Amino acid sequence: MQNPADKTQLSIPEAVLLGHALVQRVADSLGIRAFFIKGPASVVQGLRLPKMSVDVDVFVNPADLEALLGGLRQRGWRERPVDPDERSFPRHSTTIDHPSWPCCIDVHFRFPGMEAAPGDSFDVMWAHTEDLELAGQEVRVPSKALGILILALHALRSTHLPACRQELDFLAELTEQEDHTPAIVDISTATSSLAAMRPFLEDLGSQPEQGAWPDASTEWRNRLLAKEPGSARIIAIAQAPLREKLDILSRAIFPPADSFLNSNIYADLSYAGLLKLHRARWARFLRSLPKIVKDLSPLRRRGPAAKSAGQPRR
C-alpha cells in the first residue's frame with residue numbers, strides 16, 4: 001500500500017518551479033537583486049529544448065551572497081560541504097539543499113568564462129534582465145541575448161559532450177534567426193567573456209571590434225582541459241609552486257571525508273562506506289587515466305612557463 005505521505009511529496013519538476021518562487025520571495029524580502037539562469041525559464045523563453053531541470057540556479061551579486069544564504073538558512077536550507085582545494089576547483093557557486101525538498105539550489109556569484117570582476121559582471125548582466133511569471137510568481141531572468149551567452153558559456157566548457165554540442169548548435173541557429181549577435185558581443189565585451197565565447201562567435205562570423213581576440217585566462221583553459229575525473233587536480237599540481245604541490249597531492253590521495261557529500265548528501269561516511277567511496281573514486285580515475293594523458297598533452301607541450309602560471313583567476 002502506498003504511504004499517504006508519498007502523495008504529498010514534491011516531485012522534482014514541482015520543487016524546481018516552487019524553488020524559483022521561494023528564492024525570489026526571499027531575495028525580494030531582503031532587497032537583494034537576483035535572477036535565475038538556465039532551468040525552466042530558459043525553456044519558457046525558447047532558449048532551450050524542453051528538458052527536466054533538477055535544481056534551481058540563481059545569480060546574485062557577490063556582495064549579497066551571504067545575505068541570501070542567510071535568508072535561506074532561516075528556512076531550513078543548508079550548505080553542502082565543498083572540496084577545500086580551490087586551486088583545483090575554483091568556486092563559482094554555493095550549493096544548498098533541504099531535507100524536505102527533492103532539488104537543490106545553486107547560488108552563483110560569478111560565472112566561469114566571464115573575466116571581469118564578478119561584481120562588475122553582475123551589474124552588466126542585471127541591466128539585461130527581465131520579468132517572467134513562473135509558478136505564479138514574477139521572477140527575474142536574463143534577456144534572450146544574456147541567456148544565450150550564459151548557456152553558450154556553460155556548454156563551451158564541455159564541447160566533447162554530444163549534448164553540449166547540440167545545445168551550441170541550437171543556440172547558434174536561434175541567435176542568427178533572431179539577430180542577437182550584436183547584443184551578445186556587447187555583453188561579452190562588457191563582462192570580458194570574448195575569449196571564452198570566441199568559438200561560438202566565430203562560427204557566427206563575428207569578430208571583436210578591436211581586431212584581435214583576447215587571451216583566455218588560465219582558469220578557463222584549465223576548465224577546457226579537465227574533461228575526466230582527476231584531471232583538474234593533475235593540472236593544479238603541474239601549475240602550483242613547488243611548496244604547494246605536496247599539499248595538493250596529499251588532498252588528492254586523502255580527501256576530507258565530508259567532501260564526498262558534495263555530490264551525494266546521503267553518502268555513507270562510516271568506515272565501510274568510506275572504503276567503498278574511495279574504491280569507486282580510484283576506479284573512476286584509473287579508467288579515465290589513458291584519456292587524461294591524451295587530454296593533458298597540450299599542458300606538457302606548453303613547457304615550464306605554462307606549468308608555473310600560478311593561481312587561476314577567480
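Because the structure is predicted, anything quoted here is derived from the model rather than measured.
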- request: For ring-ring contact (aromatic ring centres under 6.0 Å, His included), just list the numbers for F122 and F111, CA-CA rounded to whole Å, side-chain angles, deciding distance to a tenth of an Å, and then say yes or no.
  value: CA-CA 9 Å; F122 180 86; F111 206 79; over 10 Å; no

task: Give a yes or no answer on whether the side chain of Q45 reaches the backbone of P142 with a donor-acceptor pair at less than 3.5 Å.
output: yes

Residues clustering with L246 (ILVMFWY side chains joined when closer than 4.5 Å, directly or via others): none

field: Flag, side chain of R110 to backbone of P118, donor-acceptor distance under 3.5 Å
entry: no

task: Using only heavy-atom distances, determine whether the side chains of E14 and S11 contain a donor-acceptor pair under 3.5 Å.
output: yes

query: Heavy-atom distance under 4.5 Å between the side chains of L151 and S42, does that happen here?
result: yes

field: Hphob cluster co-occupancy, V43 + L134, side-chain heavy atoms under 4.5 angstrom
entry: no

Rounded distance (nearest 0.5 Å) linking atom CZ of R223 with atom CD1 of I235: 11.0 Å

task: Compare all side-chain heavy atoms of I234 with those of F285 and state whether any distance is below 4.5 angstrom.
output: yes

message: Are there over 12 heavy-atom neighbours, none belonging to R73, within less than 6.0 Å of that residue's CZ?
response: yes

- request: Spell out, as yes or no, whether a donor-acceptor pair under 3.5 Å connects the side chain of H20 to the backbone of V16.
  value: yes

query: Atom CD1 in I105, atom CG in L69: separation rounded to 0.5 Å?
result: 9.5 Å

Hydrophobic cluster partners of L275 (side-chain heavy atoms under 4.5 Å): Y271

- prompt: Is there side-chain contact between R33 and D123, with heavy atoms separated by less than 4.5 Å?
  reply: yes

- request: Quick one: pull up OG in S193 and CD1 in I187 and give me the separation to the nearest 0.5 Å.
  value: 9.0 Å

task: Output all residues satisfying side-chain contact (heavy atoms from CB on, under 4.5 Å) with D28, sequence neighbours left out; order by chain, then residue number.
output: Q24, Q137

query: Do I96 and W101 come within less than 4.5 Å of each other through their side chains, counting heavy atoms only?
result: no

query: Which heavy atom of S192 sits nearest a heavy atom of A116, and at what distance?
result: CB-N, 3.4 Å

- prompt: Taking the side chain as C-beta and beyond, is there a heavy-atom pair between N222 and Q239 under 4.5 Å?
  reply: yes

message: Can you confirm whether C164 sits close enough to T159 that some side-chain heavy atom of one is under 4.5 Å from a side-chain heavy atom of the other?
response: no

query: Taking a hydrophobic cluster as the set of Ile, Leu, Val, Met, Phe, Trp and Tyr residues connected by side-chain heavy atoms closer than 4.5 Å, whether directly or through intermediates, do L132 and L146 fall within one such cluster?
result: no

Stepwise side chain to side chain donor-acceptor pair (under 3.5 Å) check, T94 with E79: CA-CA 7 Å; T94 297; E79 294 175 44; 5.1 Å; no

Determine all donor-acceptor pairs shorter than 3.5 Å in which one atom belongs to a side chain in residues 46-62; sequence neighbours excluded.
unit_1 : atom_1 : unit_2 : atom_2 : d
R48    : NE     : E167   : OE2    : 2.7
D57    : OD1    : H108   : NE2    : 2.9
N61    : OD1    : A63    : N      : 3.0

- prompt: For S143 and T129, what are the C-alpha separation, side-chain angles and deciding distance, and is it a side-chain contact (heavy atoms from CB on, under 4.5 Å)?
  reply: CA-CA 5 Å; S143 67; T129 59; over 6 Å; no

query: Does one hydrophobic cluster hold both V107 and L30, with members joined at side-chain heavy-atom distances below 4.5 Å?
result: yes

- prompt: Which atoms form the tightest heavy-atom contact between K245 and A238, and what is the distance?
  reply: NZ-O, 3.2 Å

- line: Here the gap from I184 atom CD1 to M197 atom CE, rounded to the nearest 0.5 Å, amounts to 5.5 Å

field: Geometric cation-pi criterion, R140 with W126: 6.0 Å, 45°
entry: yes

message: Other residues, nucleotides and ligands only: do more than 12 of their heavy atoms fall within 6.0 Å of CD on E130?
response: yes

query: What residues join L161 in its hydrophobic cluster, counting side-chain heavy atom gaps under 4.5 Å, either direct or through other members?
result: none

message: Pairing donors with acceptors under 3.5 angstrom, does anything connect the side chains of E202 and W213?
response: yes

message: Give me the atom names and distance for the closest heavy-atom approach of F200 to L168.
response: CE1-O, 3.8 Å

- prompt: How are the rings of W77 and H98 set relative to one another: parallel (under 30°), tilted (30 to 60°) or perpendicular (over 60°)?
  reply: perpendicular

Heavy-atom check, side chain of V139 versus side chain of D131, under 4.5 Å: no

task: Determine whether S158 and H160 make a side-chain contact, defined as any pair of heavy atoms from C-beta on separated by less than 4.5 Å.
output: yes

- request: Treating Ile, Leu, Val, Met, Phe, Trp and Tyr as nodes and any side-chain heavy-atom pair under 4.5 angstrom as an edge, say whether I37 and V141 lie in one connected cluster.
  value: no

- prompt: Quick one: CD on Q166 to CG on L171, what's the gap to the nearest 0.5 Å?
  reply: 10.5 Å

task: Answer yes or no: are there more than 12 heavy-atom neighbours, outside Q177 itself, under 6.0 Å from its atom CD?
output: yes

message: Among D186, V124, L153, exactly one meets side chain to side chain contact (heavy atoms under 4.5 Å, CB included) together with T191. Which residue is that?
response: V124

message: List the residues meeting salt bridge (charged side-chain N to carboxylate O under 4.0 Å, His left out) with R281, not counting sequence neighbours, and say none if there are none.
response: none

query: Just checking, any donor-acceptor pair under 3.5 angstrom between side chains of D106 and T95?
result: yes

- prompt: Which pair of heavy atoms, one from W220 and one from L156, lies closest together, and at what distance?
  reply: CZ2-CB, 4.1 Å

- prompt: Hey, what do you get for CZ (R91) to CZ (F109), rounding to the nearest 0.5 Å?
  reply: 4.5 Å

